[in-house]
Chemist: 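Please read through the structure below; I'll follow up with questions.
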Amino acid sequence: MQIDHRLVTMLQRAQSVTVLTGAGVSAESGIPTFRDAQTGMWATFNPEELASPDGFRRNPRLVWEWYAWRRELVQQAQPNPGHVALVEMERRVRNFTLITQNVDGLHQRAGSQKVIELHGNIGRVTCSSEGVEVETWDTSTDELPPRCPHCGSYLRPDVVWFGEMLPRHALQAAWDAAEQCDLFLSVGTSGVVEPAASLPRVARQSGADVLVVNLDVATNLQPPLYTIHARSGEWLPALVQAAWH
Ligand code: BV8
């Protein structure tokens with residue numbers, strides 16, 4: 001895959017690079033994106049309803065099982081070349097920050113060291129009342145969701161639901177990284193969900209060049225916003241290869 005030399009030069013010269021990833025980066029690991037038709041038994045449910053406090057209040061068992069199904073998908077998935085390319089980029093760029101909207105932990109499994117998880121991580125479980133992480137619970141009953149061993153409230157996935165605030169420190173760190181970078185990459189995100197969707201604009205307003213890599217854009221290389229129609233699992237490795245090999 002040929003990468004435009006202007007983009008390669010921008011990356012080579014960048015002192016500070018910030019990357020925002022969305023479900024499209026994990027799609028090539030076989031994890032359905034949020035807006036693709038959910039496969040299997042979840043095709044009839046609206047993710048934004050299941051991923052919400054009201055959805056959990058209305059049907060805690062269904063929501064717990066939806067996350068258990070997704071957690072299984074994630075555990076069977078492997079990081080793809082797009083994740084691996086971002087690990088090398090982190091090693092090559094002086095100031096590098098990776099912000100992800102994904103909750104699958106694949107960036108960390110690929111080897112990324114510094115990952116800002118804006119929407120939490122499906123691999124962690126918390127108490128729905130105390131908010132603290134819970135690692136073991138009574139599995140002898142078939143009641144779902146399981147209950148917190150400390151207070152008896154339902155357990156829930158450690159993810160940010162629609163209508164919930166993002167972790168303050170993570171959002172602040174992401175905002176700062178968007179303001180301070182000279183190159184911002186937005187990869188595999190539809191840019192629908194706020195406040196993450198505002199990060200590319202924050203970067204542009206702070207003078208950064210912004211590259212958007214997605215399948216729902218046409219390629220248009222007009223500074224300072226460059227849109228590239230490409231698969232992240234192909235384009236990111238080709239960019240890293242062109243810049244440093
Ligand atoms: C908040 C964790 C303050 C859970 C997620 C009305 C009422 C209440 C709230 C709102 C409202 N209106 C707006 C809001 C704010 C709301 C929001 O933005 N809603 C949207 C739907 C309009 N945001 C919130 O609620 C946030 N909190 O604002 O708090 C507040 C509080 C109360 C009231 C108001 C405000 C919390 C948002 C976090 C939600 N949690 N995830 C879980 O995963 O179960 S978001 C979830 O959806 C994902 O984490 C992800 O972030 C998002 C999906 O977005 P993408 O990652 O972009 O995925 P998507 O499928 O959309 O796109 C994939 C893209 O990849 C596509 O463009 C596709 O073309 C591309 N692609 C596919 N394959 C590839 C590819 N690209 C490259 N290569 C490929 N191979």
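Order of appearance sets the numbers: ligands from 1, and atoms from 1 within every ligand. Treat the numbers as computed from the prediction; the structure is a model and nothing was measured.
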Chemist: Which residue from Arg231, Glu164, Glu234 reaches closest to atom 1 (C) of ligand 1 through any of its heavy atoms?
Modeler: Glu164
Chemist: Polar contacts were defined as any N/O atom of the residue lying under 3.5 Å from an N/O atom of the ligand; does this apply to Val213 and ligand 1?
Modeler: no
Chemist: We want to know whether Thr9 and Arg6 form a side-chain donor-acceptor pair, criterion being a heavy-atom distance below 3.5 angstrom.
Modeler: no
Chemist: I'd like the name of whichever of Thr100, Val160, Val103, Leu166 reaches closest to atom 4 (C) of ligand 1 through any heavy atom.
Modeler: Val160
Chemist: Check the angle between the aromatic planes of Phe56 and Trp161 and answer parallel, tilted or perpendicular using the 30° and 60° thresholds.
Modeler: tilted
Chemist: Below 4.0 Å, non-hydrogen atoms only: which portion of Ala23 touches ligand 1? Side chain, backbone, both or neither.
Modeler: both
Chemist: Taking atom CD of Glu194 as the centre, does the number of heavy atoms from other residues, nucleotides or ligands within less than 6.0 Å exceed 12?
Modeler: yes
Chemist: Measure from atom 68 (C) of ligand 1 to every heavy atom in Val217, Asn214, Leu215 and give the option owning the shortest one.
Modeler: Asn214
Chemist: Can you tell which of Trp66, Tyr67, Phe162, Trp161 gets a heavy atom nearest to atom 44 (O) of ligand 1?
Modeler: Tyr67
Chemist: Which pairs, with at least one residue in residues 218-237 and sequence neighbours excluded, count as a side-chain hydrogen bond (donor to acceptor under 3.5 Å, both in side chains)?
Modeler: Glu28-Ser232
Chemist: Under the side-chain hydrogen bond (donor to acceptor under 3.5 Å, both in side chains) rule, what pairs show up with a residue in residues 181-192, not counting sequence neighbours?
Modeler: Gln101-Thr189
Chemist: For ligand 1, does Ala230 get within less than 4.0 Å through its side chain, its backbone, both, or neither, judged by non-hydrogen atoms?
Modeler: backbone
